[in-house]
Amino acid sequence: MAEYVFGVDIGGTTVKLGLFTSDGELLDKWEITTRKDDGGAYILKDIAESVTNKMTEKNIDKSDVKGVGMGVPGPVKEDGTVMKCVNLGWGMFNAAEELSGLLSLPVKAGNDANVAALGEYWQGGGKDYKCVIMVTLGTGVGGGIINEGKIVAGVNGAGGEIGHMTIDLDEQDTCNCGKKGCLEQYASATGIVRLANRGLNATDKPSKLRDIESITAKDIFDAAKEGDEVAQSLVEEHGKRLGYALANVACVVDPEVFVIGGGVSKAGSILIETTKKYYQEYAFHACRSAAFELATLGNDAGIYGAAASVIL
């Protein structure tokens, strides 16, 4: 029986890799640079070389490796075909098949947010739940749906792309995806800063945020915790928009828990409590009991989920 699994999480700056036992124990983790030259032509070759080097270092034979799981920052079909990955320079091709050919090992690929969700389901904030929705609040807003240990990715791998739900039909600014009024424009780290800049221009109320040259999401939540009224109103608006969106998601998925991760989640209980309050206000009555948990795996969620995609 194969004893080892590799988990790979491809990011725009670095590729995170992990070596796991087939029982799910993390034995080693490391990073390599994401080389995006020539349309990302070297990324999979670098991953293959790094995995091969680690096998040599640990004296692991290919027959002892169950497979390699890989998270990719873009939509991925069930067969491992990447639909397009702008951040890496990739067009449409079968990334799982190519890496498998380079390594002569089985490879399973999925969208990075979905894979991170699987990681939190397996060994993180969603560990004790059967139906999990992971919400990642970072530079953008990502999501992943896990039901009974399986990723719900949809036909084109775009299942769980909650950041691009339209929640404001009157929005005039354009989202990075090309639409207007996406959840990402309000609930991401950059989104709440955008709300802050709008809000500060719309009121004369005093706020310590006015003394900060380049406001961050952390500044807003910290000021709210300290009683700053303007910051508190921004946190309320953030929670209202996120809670409203998740209430709509719940009508489709009916999850047992929402696991909140990403940089914004470091705000902690103030974020969870505000979002949950509005979620319960807007949710269909049968869905109101969904729990809210903070993600616990941090930046390792991707490698854990990638490994889990091979193990589970």
Side-chain angles (χ1 to χ4, degrees), residues 9 11-14 16 18 26 29 31 71 73 112-129 132-144 160 162-163 183-197 199 207-209 211-243 245-246 255 257-279 290-305:
D9 181 20
T13 305
T14 62
K16 299 176 181 64
L26 177 62
K29 64 177 181 176
E31 296 182 2
D112 58 352
N114 289 338
V115 166
L118 187 60
E120 288 290 343
Y121 162 86
W122 185 43
Q123 299 287 359
K127 190 172 183 178
D128 298 323
Y129 300 93
V132 175
I133 293 181
M134 172 83 176
V135 182
T136 307
L137 306 175
T139 306
V141 173
I162 61 172
L183 175 63
E184 187 170 292
Q185 291 181 271
Y186 313 97
S188 64
T190 48
I192 192 170
V193 168
R194 180 172 160 275
L195 292 178
N197 290 329
S207 171
K208 61 183 63 181
L209 296 176
D211 300 325
I212 302 172
E213 187 174 341
S214 297
I215 299 169
T216 65
K218 184 179 185 299
D219 293 330
I220 296 165
F221 281 98
D222 285 348
K225 291 173 186 176
E226 294 167 9
D228 187 293
E229 286 187 25
V230 173
Q232 287 175 336
S233 69
L234 292 168
V235 169
E236 285 289 316
E237 183 177 358
H238 179 272
K240 185 174 185 177
R241 290 181 182 269
L242 182 57
L246 297 184
V257 64
F258 289 97
V259 177
I260 314 295
V264 178
S265 71
K266 292 177 182 176
S269 60
I270 187 173
L271 168 67
I272 295 292
E273 289 164 9
T274 308
T275 304
K276 186 175 182 179
K277 175 179 72 175
Y278 285 106
Y279 169 81
F292 280 74
E293 302 278 0
L294 287 169
T296 62
L297 295 178
N299 290 332
D300 290 342
I303 58 171
Y304 269 94

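Treat the numbers as computed from the prediction; the structure is a model and nothing was measured.
Of all heavy-atom pairs spanning Ser265 and Leu294, the tightest one is O-CD2, 3.6 Å. Shown here for Leu209 and Leu234, the closest heavy-atom pair between the two residues is CD1-CD1, 3.9 Å. Here the closest heavy-atom approach between residue Ala295 and residue Met134 is recorded as CB-CE, 4.1 Å. A pairwise comparison of heavy atoms in Gly143 and Asn114 identifies O-OD1, 3.4 Å as the closest pair. Ile220 and Ala196 get closest at one heavy-atom pair: CD1-CB, 3.7 Å. Closest approach of Ile303 to Lys16, counting heavy atoms only: CG2-O, 3.5 Å.
Between the side chain of Lys208 and the backbone N or O of Ala231 there is no donor-acceptor pair closer than 3.5 Å. When atom types are taken as modelled, the side chain of Arg194 and the backbone of Gln185 share a donor-acceptor pair closer than 3.5 angstrom. Side chain of Glu184 to backbone of Gly140: no donor-acceptor contact under 3.5 angstrom is found. Judged purely by atom type and a 3.5 angstrom limit, Glu229 has no side-chain atom pairing as donor or acceptor with the backbone of Ser207. The backbone N or O of Gly126 lies less than 3.5 Å from no partner atom in the side chain of Glu293, so there is not a single donor-acceptor pair.
Only one option out of His238, Glu236, Arg241, Lys240 pairs with Tyr278 in a side-chain hydrogen bond (donor to acceptor under 3.5 Å, both in side chains); it is Glu236.
For the pair Asp300 and Lys29, the minimum side-chain heavy-atom distance is below 4.5 Å. In this structure, Asp9 and Val115 have side chains that are not in contact, with every pair of non-hydrogen atoms separated by 4.5 Å or more.
Counting non-hydrogen atoms of neighbouring residues, nucleotides and ligands closer than 6.0 angstrom, the NZ atom of Lys277 exceeds 12 such neighbours. At most 12 heavy atoms of other shown residues, nucleotides or ligands fall within 6.0 angstrom of atom CG in Asn299.
Remark: Ile272 CD1 to Ile260 CD1 distance equals 5.0 Å, nearest 0.5 Å. Atom CG of residue Leu271 and atom CZ of residue Phe221 lie 5.0 Å apart, to the nearest 0.5 angstrom. For the atom pair NZ (Lys127) and OH (Tyr121), the distance works out to 11.5 Å, reported to the nearest 0.5 Å. Interatomic distance, Ile162 CD1 to Phe258 CZ, rounded to the nearest 0.5 Å: 8.0 Å.
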Check the pair Leu246 / Thr275 against side-chain contact (heavy atoms from CB on, under 4.5 Å), numbers first and verdict last. CA-CA 9 Å; Leu246 297 184; Thr275 304; 4.2 Å; yes
Criterion side-chain contact (heavy atoms from CB on, under 4.5 Å) on Ile192 and Leu137, from CA distance to verdict: CA-CA 10 Å; Ile192 192 170; Leu137 306 175; over 6 Å; no
